[in-house]
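What follows is a single structure, written as structure tokens, with notes after it.
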Amino acid sequence: MVSVRGLVKRFGDRTVLQSIDLEVAQGEVVAIMGSSGGGKTTLLRCICGLLEPSEGSVFVDGIDVIQNAEEARRRMGMVFQSAALFDYMNVQDNVLFGIRRQLRLKKDKQLQVAYDVLRRVGLDGEGAKMPAELSGGMRKRVGIARALALNPRVLLYDEPTTGLDPITAYTIDSLIVDVCKEFHVTSVVVSHDVSSVYRVADRIAFLHEGHLIFDGTPTDFAKAQDASIRELVRKAQATTLAEPA
Ligand SMILES: Nc1ncnc2c1ncn2[C@@H]1O[C@H](COP(=O)(O)OP(=O)(O)OP(=O)(O)O)[C@@H](O)[C@H]1O
Ligand SMILES: [Mg+2]
């Protein structure tokens with residue numbers, strides 16, 4: 001469903017991603033871990049066509065994201081780290097915004113879709129609230145609802161649990177897994193948080209200084225004898241703990 005081949009991304013003379021190969025099968029949840037500044041968000045942005053790779057290719061559902069960005073993007077939903085909500089719009093309008101722009105639906109059908117996705121993410125009856133009135137976990141849920149409303153085949157999550165308390169993080173992880181099963185969406189989840197990754201991922205890819213240094217099952221990851229991976233996991237975890245709520 002997602003195929004990244006030989007992807008290189010440079011900013012000026014700085015190479016942030018160095019020849020990344022990554023395949024994600026239909027229905028799979030792949031977690032991308034790695035140290036801060038390791039290039040995780042950059043990789044996610046290249047996958048969804050927000051950034052153009054310097055070299056290599058990205059295919060999503062068989063569509064070349066570089067040649068055909070608009071068509072590819074219609075198959076993808078992105079849940080941004082900050083949730084990226086419009087602060088001046090209530091929850092329902094935040095969800096309706098994408099529906100109005102991208103789906104050709106009658107008004108009552110648009111409202112129905114917004115209602116359904118908000119209910120699905122556990123925000124039944126919260127449509128009139130403004131983003132400032134929401135908890136961190138609720139904001140993430142709105143971000144997920146907004147992406148889900150467009151019926152994506154692939155969902156890309158950037159740090160969905162960072163800054164959340166452990167219990168809220170747990171509920172968001174469960175939502176990611178449930179949504180994946182229920183809607184048959186393929187998911188790529190960027191995360192620092194090891195316990196969260198173990199809860200959601202079928203596979204873990206670990207990025208370090210622009211290289212993919214591990215790609216395998218959570219069991220293999222837990223067993224990885226590589227001292228550098230162990231040290232990096234420890235550091236990534238420490239970064240999470242140090243992040244402000
Ligand atoms: N648009 C840009 N222009 C120039 N440099 C960039 C740009 N976007 C990212 N970078 C650089 O690329 C590197 C990787 O950034 P990226 O945001 O992908 O890391 P990350 O793994 O997501 O880190 P974090 O865990 O802190 O979110 C960083 O050094 C960053 O400064
Ligand atoms: Mg990032």
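- Chaining together hydrophobic side chains whose heavy atoms lie under 4.5 Å apart places F97 alongside F86, Y88, M89.
- Side-chain atoms of S35 do not come within 3.5 Å of backbone N or O of G38 as any donor-acceptor pair.
- Between the OG atom of S191 and the CD1 atom of I32 there is a distance of 11.0 Å, given to the nearest 0.5 Å.
- Atom CD of E70 has 12 or fewer neighbouring heavy atoms from other residues, nucleotides or ligands inside a 6.0 Å radius.
- Judged by distance alone, the side chains of T171 and R141 do bring a donor and an acceptor atom under 3.5 Å apart.
- Side-chain contact annotation: E28 with T186, donor-acceptor N/O pair under 3.5 Å absent.
- We find that R5 and D21 are not joined by a salt bridge, their nearest charged nitrogen and carboxylate oxygen being 4.0 Å or further apart.
- Counting heavy atoms of neighbouring residues, nucleotides and ligands inside a 6.0 Å radius, atom OH of Y170 does not exceed 12 of them.
- Rounding to the nearest 0.5 Å places CZ of R153 at 12.0 Å from OG of S187.
- Judged purely by distance below 3.5 Å, without hydrogens or angles, the side chains of D193 and S195 pair a donor atom with an acceptor atom.
- Every salt bridge (Lys or Arg N to Asp or Glu O under 4.0 Å) that E71 has, sequence neighbours left out, goes to R75.
- For Y157 against L44, the heavy-atom pair with the smallest separation is O-CD2, 3.6 Å.
- Of the N and O atoms on the side chains of Q112 and D108, not one donor lies less than 3.5 Å from an acceptor on the other residue.
- Between F221 and F206, the two ring planes are parallel [angle under 30°; tilted spans 30° to 60°].
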